[in-house]
Every structure is written in C-alpha cells, then in structure tokens.
Amino acid sequence: MAESSGFDPQLALSHKFPETTYTYTARDSVLYALGVGACARDAVDDDELKYVYHANGEQNLQVLPTFAALLSLASLPNGFNLPGLEYDQSLLLHGQQYIELYRPFPSNGCIHNKVSLAGLHDKGKAAIIEFETKSYEKESGELLCMNRTTVFLRGAGGFSKSSQPYSYSNYQTDKASAVKIPKTHPFAVFEDSTQPSQALLYRLSGDYNPLHSDPMVAKIAGFSRPILHGLCTLGFAVRAIIKCICKGDPNLIKSITGRFLLHMFPGETLITEMWLDDLRVIYQAKVKERNQTVLSGYVDVHRLTSAQ
Ligand SMILES: CCCCCCCCCCCCC/C=C/C(=O)SCCNC(=O)CCNC(=O)[C@H](O)C(C)(C)COP(=O)(O)OP(=O)(O)OC[C@H]1O[C@@H](n2cnc3c(N)ncnc32)[C@H](O)[C@@H]1OP(=O)(O)O
C-alpha cells in the first residue's frame, strides 16, 4: 500500500497505455544519424556514409540500430504523466535503456507501438519506473524491436515502507546493472568528440525536454548547463562498437544494454572502451575531460567478423 500521496503503485500498474503509431521518413533516420555523430569527423567515412547518403536513392540508406530507442520515447505518455505517479518532472533522469532488435529498420516506415509498465521500484531517495515498448511494422505486423526504458525520478522515492520497499518487475534480471567491467586492457578503444551544439541537433529526433537546451531548466535540475540526452551518448558508444567490432555492419547488433552513470555535457569527448566476451561486447564510455565513466553496458552481436 502506498504511503505518500503522490504515488499509488496499483493505480499506475493497472493503467492501460494507448497504442500509438510512429511514422518516419528517410530524413528522420538521417537526422538521427547526424545527431549521434555519424560522419562528423569524416564526411566520406566508409563505415558511416550509408546512414546519411546513398548514391542509389534514400530507400537504400541504412539505419543505425539505436534508432530503435526513438520508438520508445515516441510511445510514452505525453508530458511524462501517468495516473498514480506524481513527481517533480524537473528531476527526471534517464537511467537505463535495453533494446532487442529483431530486424534491420527500413529507411522509412510506419510503426505500431504497444507499451506497458515493466517495473516500479522504491529506492528511498528515488523512484525507478520501467516501460516496455514493443514496436511492430504496421504493414506486415512484424515485430521489429523491443525497448525497456528505465526512468530515475530523483526525490520521488519513500512511497512505501522503508522496512519493505516496494519493488515490482515483470521480467527476471536487470541486465544493465549486472555489467562487470573487466580489469584487463580493452580490446578496442574509440575516441570521439561531441559538438557544443550536439543536444540542439539531437533533440530534433524527438526528445524536446528543455533539460538539454534551456540553461534555467538545467540549473533547476541541478546542472551547471544543459546536459546531453542519454540516448545521444548511447548512440555515440554503439556507433563506436559497430566501427571497431562489427567492421561497420550495423546489422550484426542483436541487443543493446546501457546504464547512464553520470551526466555528460555537449562538447565533451567520449572515449568508448570495449572488451570481447564471446559474442558479447562489454563497454564503458568515459568523458575524457573529467576522466569519469558516464555509461556502461554490453552489446550482443550475431557473429564476429572474420578478423577477430
Ligand atoms: C511517471 C511517468 C514518467 C513517464 C516518463 C516517460 C518518459 C521517459 C522518457 C525517458 C527519458 C527521457 C528524458 C531523458 C533524459 C535524459 O537523457 S537525462 C541524461 C541521461 N541520464 C543521466 O545523465 C543520468 C546519469 N546518472 C546519474 O546521474 C546517477 O547514476 C543517478 C541516476 C542520479 C543515480 O545515482 P545515485 O543517486 O548516486 O544512485 P545510487 O545511490 O548509486 O543508487 C540508488 C539505487 O538506484 C539504482 N540506480 C542507480 N543508478 C541507476 C540508473 N542509472 N538506472 C537505474 N537504476 C539506477 C541503484 O542500483 C540503487 O539501487 P539498489 O542497488 O537497489 O540500492
């Protein structure tokens, strides 16, 4: 039974999310690729030009696998409101993202999303909410991907008895928190700069939260200036993995897990370190200027390319 007035877990869990439709064009997939830094260092990069230009027409463009995460945001409640969950929206942070990919994305399409609440946890100082989104290609009805989005609501915990904190999950293991970074030297390391305007570009892919663009909103949230979208950082890290481990082939990615450990500011340099464990790439991404890890997780691949 909930003890605080703002949270009613049973009401939240009984909520039925409306099914939504998301239509995107080749322009959206290109804008997304540019937003996560594709071709930023080299406009004719052999591994990355295919995400932003194709000589034989836009229907031949390839789509980065992390594009899937946009579907989870597009499917979630407008204004971040849900019955039974009252909280201070300025303190919301993206905690984790888990993506399963079942098929490469076409360069444009119409997607049907089904959302459910996958988890709700009272961590005392914070509440954690997890949403699961299944995305189907509208025309064929085929399942394209599944996203699990974890939202960390600072200051919203303490809604249950501290002796028995509320915890609900509709799945078995929390994959992102289970990541152990090896003590050995990484198999590969990739350094990439984000631009000071990175968040202003990335937001055009659909996440217009002013935390990433408005200095006053960022200050209220506890940051000296606007921070980068977590999914933008994840996009940079997975692009590094595709480049270093998959020899540029985005279709080798099977699933992606990432936990956002610390905020990143636009303009900072990201160093992604990667370790191979069979068909799993364990990674962590550090901000070079502050020598701090901002993201860690793992990516499962279908197979390794012959050189590994
Ligand atoms: C109500 C309806 C809501 C609807 C909302 C729908 C929309 C949702 C859309 C998704 C988000 C869109 C908006 C995007 C925002 C961003 O992109 S924000 C930028 C990216 N994110 C960040 O920069 C966050 C970086 N991380 C941190 O700053 C910190 O890790 C933290 C999240 C503040 C937590 O640190 P701390 O308070 O020190 O936590 P701990 O004491 O270590 O741990 C407490 C428990 O919480 C668990 N935990 C810790 N971190 C995370 C995490 N990142 N994700 C999930 N869980 C986390 C941790 O395991 C502890 O639990 P126990 O082990 O059980 O004690």
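These figures come from a predicted structure and were not determined experimentally. Order of appearance sets the numbers: ligands from 1, and atoms from 1 within every ligand.
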Can a donor-acceptor pair be found between the side chains of Thr25 and Asn108 at a distance below 3.5 Å? no
Side chain or backbone, does Asn209 bring an N or O within less than 3.5 Å of an N or O on ligand 1? no
Counting from 1, what ligand 1 atoms have a heavy atom of Leu73 closer than 4.0 Å? 9 (C), 10 (C)
Heavy atoms only, cut-off 4.0 Å: how does Phe152 contact ligand 1, side chain, backbone, both, or neither? side chain
At less than 4.0 angstrom from any non-hydrogen atom of Asp207, what atoms of ligand 1 do you find? 12 (C), 13 (C), 14 (C)
What distance separates Leu61 CG from Lys50 NZ, expressed to the nearest 0.5 Å? 11.5 Å
What atoms of ligand 1 come within less than 4.0 Å of a heavy atom belonging to His263? 23 (O), 25 (C)
Return yes if some donor-acceptor pair links the side-chain N/O of Asn147 with the main-chain N/O of Ala68 below 3.5 Å, else return no. yes
Keeping the roles fixed (side chain from Ser72, backbone from Thr133), state whether a donor-acceptor pair exists under 3.5 Å. no
Would you kindly specify which portion of Val294 sits under 4.0 Å from ligand 1, judged on non-hydrogen atoms: side chain, backbone, both or neither? neither
Counting heavy atoms under 4.0 Å, the part of Lys123 that contacts ligand 1 is side chain
Region of Thr233 that comes within reach of ligand 1 [heavy atoms, distance under 4.0 Å]: neither
Which ligand 1 atoms are under 4.0 Å away from a heavy-atom of Gln96? 54 (N), 55 (C)
Between Gln198 and Gly35 (side chain of the first, backbone of the second, donor and acceptor by atom type, cut-off under 3.5 Å), is there such a pair? yes
Please could you name the atoms of ligand 1 that Leu228 approaches to less than 4.0 Å, counting only its heavy atoms? 19 (C)
N/O separation below 3.5 Å, Leu85 to ligand 1: no
For atom 49 (C) of ligand 1, the option (of Glu130, His212, Arg259, Met264) bearing the nearest heavy atom: Arg259
Hey, is ligand 1 close enough to Leu261 that some N/O pair sits below 3.5 Å? yes
Using the side-chain contact (heavy atoms from CB on, under 4.5 Å) rule, pick out the option among Leu252, Ile245, Ile256 that qualifies with Val299. Ile256
Given 3.5 Å as the limit, does a donor-acceptor pair link the side chain of Thr194 with the main chain of Gly267, or not? yes
When the side chains of residues 214-241 are checked against the rest of the protein, which donor-acceptor pairs come out under 3.5 Å, sequence neighbours left out?
{"unit_1": "Asp214", "atom_1": "OD1", "unit_2": "Met216", "atom_2": "N", "d": "2.9"}
{"unit_1": "Asp214", "atom_1": "OD1", "unit_2": "Val217", "atom_2": "N", "d": "3.4"}
{"unit_1": "His229", "atom_1": "NE2", "unit_2": "Asp207", "atom_2": "O", "d": "3.0"}
{"unit_1": "Arg239", "atom_1": "NE", "unit_2": "Val36", "atom_2": "O", "d": "2.7"}
{"unit_1": "Arg239", "atom_1": "NH1", "unit_2": "Glu48", "atom_2": "OE1", "d": "3.2"}
{"unit_1": "Arg239", "atom_1": "NH1", "unit_2": "Glu48", "atom_2": "OE2", "d": "2.7"}
{"unit_1": "Arg239", "atom_1": "NH2", "unit_2": "Val36", "atom_2": "O", "d": "3.2"}
{"unit_1": "Arg239", "atom_1": "NH2", "unit_2": "Gly37", "atom_2": "O", "d": "3.4"}
{"unit_1": "Arg239", "atom_1": "NH2", "unit_2": "Asp192", "atom_2": "OD2", "d": "2.5"}

Checking Glu268 side chain against Phe265 main chain: does a donor-acceptor pair fall under 3.5 Å? yes
Shortest reach to atom 52 (C) of ligand 1 by a heavy atom, considering only Gly95, Ala126, Cys232, Gly84: Gly95
To the nearest 0.5 Å, atom CZ of Arg154 lies from atom NZ of Lys125 at 11.0 Å
Close N or O approach (Ile227, ligand 1; < 3.5 Å): no
Taking Thr150 for its side chain and Gly95 for its backbone only, find out whether a donor-acceptor pair lies under 3.5 Å. no
Enumerate the atoms of ligand 1 whose separation from the nearest heavy atom of Ile129 is less than 4.0 angstrom. 1 (C)
Partner residues of Asp277 under the salt bridge (Lys or Arg N to Asp or Glu O under 4.0 Å) criterion, sequence neighbours left out: none
Quick one: does Asp122's side chain have a donor or acceptor within less than 3.5 Å of a partner on Ser160's backbone? yes
Output the list of atoms in ligand 1 that are nearer than 4.0 Å to some heavy atom of Leu262, sorted by atom number. 23 (O), 25 (C), 26 (N)
Evaluate Lys125 for polar contact with ligand 1, using N/O atom pairs at a separation under 3.5 Å. yes
Number the atoms of ligand 1 from 1 as they appear, then name those within less than 4.0 Å of a heavy atom of His229, with their elements. 17 (O)
Using a plain distance cutoff, I'd like to know if Gly230 has any nitrogen or oxygen under 3.5 Å from a nitrogen or oxygen of ligand 1. yes
Thr150, any N or O under 3.5 Å of ligand 1 N or O: no
